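Predicted, not measured: the structure shown is a model, and the values here were computed from it.
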Amino acid sequence: MTVDSPPPAVQRLPGRPRADSPVPGARARVLTTAGRLFYDEGVRVVGVDRLIAESSVTKATFYKHFGAKDTLVLEYLAGRHDVEAAELTSLIEAHGGGRATLEAYLDAVVARLQTVSFRGSAFANAASEFSDPTHPVRLAIAEHREWLTSEMVSLFKTAGHPMPGDAADDLVLALDGAQVGAYAGDAIAAAAALRRSAQRLLEA
């Protein structure tokens, strides 16, 4: 009698938990839930009780890990920043910086603007909900924007732009407008306008 060989191992995407793995830790579940709800619905409208219920954790566990909702908001934004920083680093490594990286970055942004799940910048959305410019959430947003502008300055400088600081400011403002326009209006038109603005900067 022939013995069947064992089936091949199932290939899984990196970072995706196995179906037979334990449920992710409570802290991770809260962060995942917060990331989804804060981006889809807004920060203020999502209360702690809902976060606790949808994360399947106890109130004691929530406060043990985060202490307060504002701490969770800061961690949500930090996670968003880390993702963007990692994506830009990958593009720089792949394209060597300069114009090629800027063009690849714009391609990535344009693709994101046109996804069904896109609803604007997570940072701009959060800023609109915290009116006090000295609030830790607003300070974290300002820090993120300073980082983005600094990265764009470096890329324009490497690309040989005569005024990399001005070009970076112009591009960040164009990104702001494109993200609002894509969510509130026509995503295709917003993406096209962003490309035109960026092209003028790159050709300077």
Margin query: Would you compute the distance between atom CZ of Arg27 and atom OG1 of Thr32 and round it to the nearest 0.5 angstrom?
Written below: 11.0 Å
Notebook entry, point to check: Gln114 and Ile188: which non-hydrogen atoms are nearest, and at how many Å?
Noted result: OE1-CG1, 3.6 Å
Next item on the list: Assess whether side chain to side chain contact (heavy atoms under 4.5 Å, CB included) is satisfied between Tyr76 and Leu31, documenting all intermediate values.
Entry: CA-CA 7 Å; Tyr76 155 67; Leu31 285 169; 5.7 Å; no
Notebook entry, point to check: What's the verdict on side chain to side chain contact (heavy atoms under 4.5 Å, CB included) for Leu194 and Leu113, showing C-alpha distance, side-chain angles and the deciding distance?
Noted result: CA-CA 10 Å; Leu194 174 61; Leu113 295 180; 4.2 Å; yes
Notebook entry, point to check: Under 3.5 Å, side chain of Asp169 to main-chain N/O of Val153, donor-acceptor pair present?
Noted result: no
Margin query: Set out, in order, the CA-CA distance, both residues' side-chain angles and the distance that settles side chain to side chain contact (heavy atoms under 4.5 Å, CB included) for Thr61 and His65, then state yes or no.
Written below: CA-CA 6 Å; Thr61 297; His65 286 292; 3.6 Å; yes
Notebook entry, point to check: When rounded to the nearest 0.5 angstrom, what is the spacing between CD1 in Ile141 and CZ in Phe123?
Noted result: 7.5 Å
Next item on the list: Determine the minimum heavy-atom distance between Leu171 and Ala198, stating which atoms define it.
Entry: CD1-CB, 4.2 Å
Note to self: Could you check whether any side-chain heavy atom of Leu202 comes within less than 4.5 Å of a side-chain heavy atom of Phe156, counting everything from C-beta outward?
What the structure shows: yes
Check: Looking only at atom types and distance, does a side-chain atom of Ser154 sit under 3.5 Å from a main-chain N or O of Ser150, one as donor and one as acceptor?
Finding: yes
Next item on the list: Give, for atom CZ of Arg80 and atom OG of Ser121, the distance between the pair rounded to the nearest 0.5 Å.
Entry: 8.5 Å
Notebook entry, point to check: Would you say the side-chain atoms of His161 pair up with the backbone N or O of Met163, donor to acceptor, closer than 3.5 Å?
Noted result: yes
Checklist line | Within one Ile-Leu-Val-Met-Phe-Trp-Tyr cluster: Val48 and Val137, side-chain cutoff 4.5 Å | finding: yes
Margin query: Quick check for you: to the nearest 0.5 Å, what is the distance between His95 atom NE2 and Ser90 atom OG?
Written below: 10.0 Å
Notebook entry, point to check: Which heavy-atom pair separates Leu175 from Leu148 by the least distance, and what is that distance?
Noted result: CD1-CD2, 4.4 Å
Next item on the list: Report yes if some heavy atom in the side chain of Asp170 is under 4.5 Å from a heavy atom in the side chain of Ser197; otherwise report no.
Entry: no
Next item on the list: Please answer whether the main-chain N or O of Arg29 pairs with a side-chain N or O of Thr33 as donor and acceptor at a distance below 3.5 Å.
Entry: yes
Notebook entry, point to check: Backbone N or O of Asn125 within a donor-acceptor pair of the Ser128 side chain at under 3.5 Å?
Noted result: yes
Margin query: How long is the straight-line distance from CD of Glu75 back to CG of Asp82, given to the nearest 0.5 Å?
Written below: 10.5 Å
Note to self: Whether Arg50 and Glu54 form a salt bridge (side-chain N of Lys/Arg under 4.0 Å from carboxylate O of Asp/Glu) is what I want to check.
What the structure shows: yes
Margin query: If you compare all heavy atoms of Val45 against all heavy atoms of Glu41, which two are closest, and at what distance to 0.1 Å?
Written below: CG1-O, 3.2 Å
Margin query: If the condition is salt bridge (Lys or Arg N to Asp or Glu O under 4.0 Å), which residues does Arg99 pass it with, not counting sequence neighbours?
Written below: Glu103
Next item on the list: Could you tell me whether Lys157 atom NZ has more than 12 heavy atoms of other residues or ligands within 6.0 Å of it?
Entry: no
Next item on the list: Spell out, as yes or no, whether a donor-acceptor pair under 3.5 Å connects the side chain of Arg138 to the backbone of Phe130.
Entry: yes
Margin query: I need the Glu143 CD to Glu146 CD distance, nearest 0.5 Å.
Written below: 7.0 Å
Margin query: For Asp40 versus Arg119, what's the shortest heavy-atom pair and its separation?
Written below: O-NE, 3.2 Å
Notebook entry, point to check: Are Val83 and Leu91 in one and the same hydrophobic cluster, where Ile, Leu, Val, Met, Phe, Trp and Tyr link if side-chain heavy atoms are under 4.5 Å apart?
Noted result: no
Check: Between Tyr105 and Ile92, is any pair of side-chain heavy atoms under 4.5 Å apart?
Finding: no
Check: Stepwise, does the side chain to side chain contact (heavy atoms under 4.5 Å, CB included) test hold for Leu72 with Phe38?
Finding: CA-CA 10 Å; Leu72 178 59; Phe38 287 166; 4.1 Å; yes
Margin query: Same cluster or not: Leu155 versus Val172, using hydrophobic residues (I, L, V, M, F, W, Y) connected whenever any side-chain heavy atoms lie under 4.5 Å apart?
Written below: yes
Check: When you measure from the side chain of Tyr39 to the backbone N and O of Gly120, does any donor-acceptor pair fall under 3.5 Å?
Finding: yes
Next item on the list: Please confirm whether the backbone N or O of Asp49 pairs with a side-chain atom of Lys59, one donor and one acceptor, at under 3.5 Å?
Entry: no
Next item on the list: Answer yes when Asp107 and Arg112 have at least one side-chain N-carboxylate O distance shorter than 4.0 Å, and no when they do not.
Entry: no
Checklist line | Glu84 side chain reached by Leu88 side chain, heavy atoms, under 4.5 Å | finding: no
Note to self: Applying salt bridge (Lys or Arg N to Asp or Glu O under 4.0 Å), can you list everything that pairs with Asp70, at least two apart in sequence or on another chain?
What the structure shows: none
Next item on the list: Kindly say whether Ile52 contributes a backbone atom to a donor-acceptor pair with the side chain of Ser55 at under 3.5 angstrom?
Entry: no
Note to self: For Ala168 versus Thr149, what's the shortest heavy-atom pair and its separation?
What the structure shows: CB-O, 3.7 Å
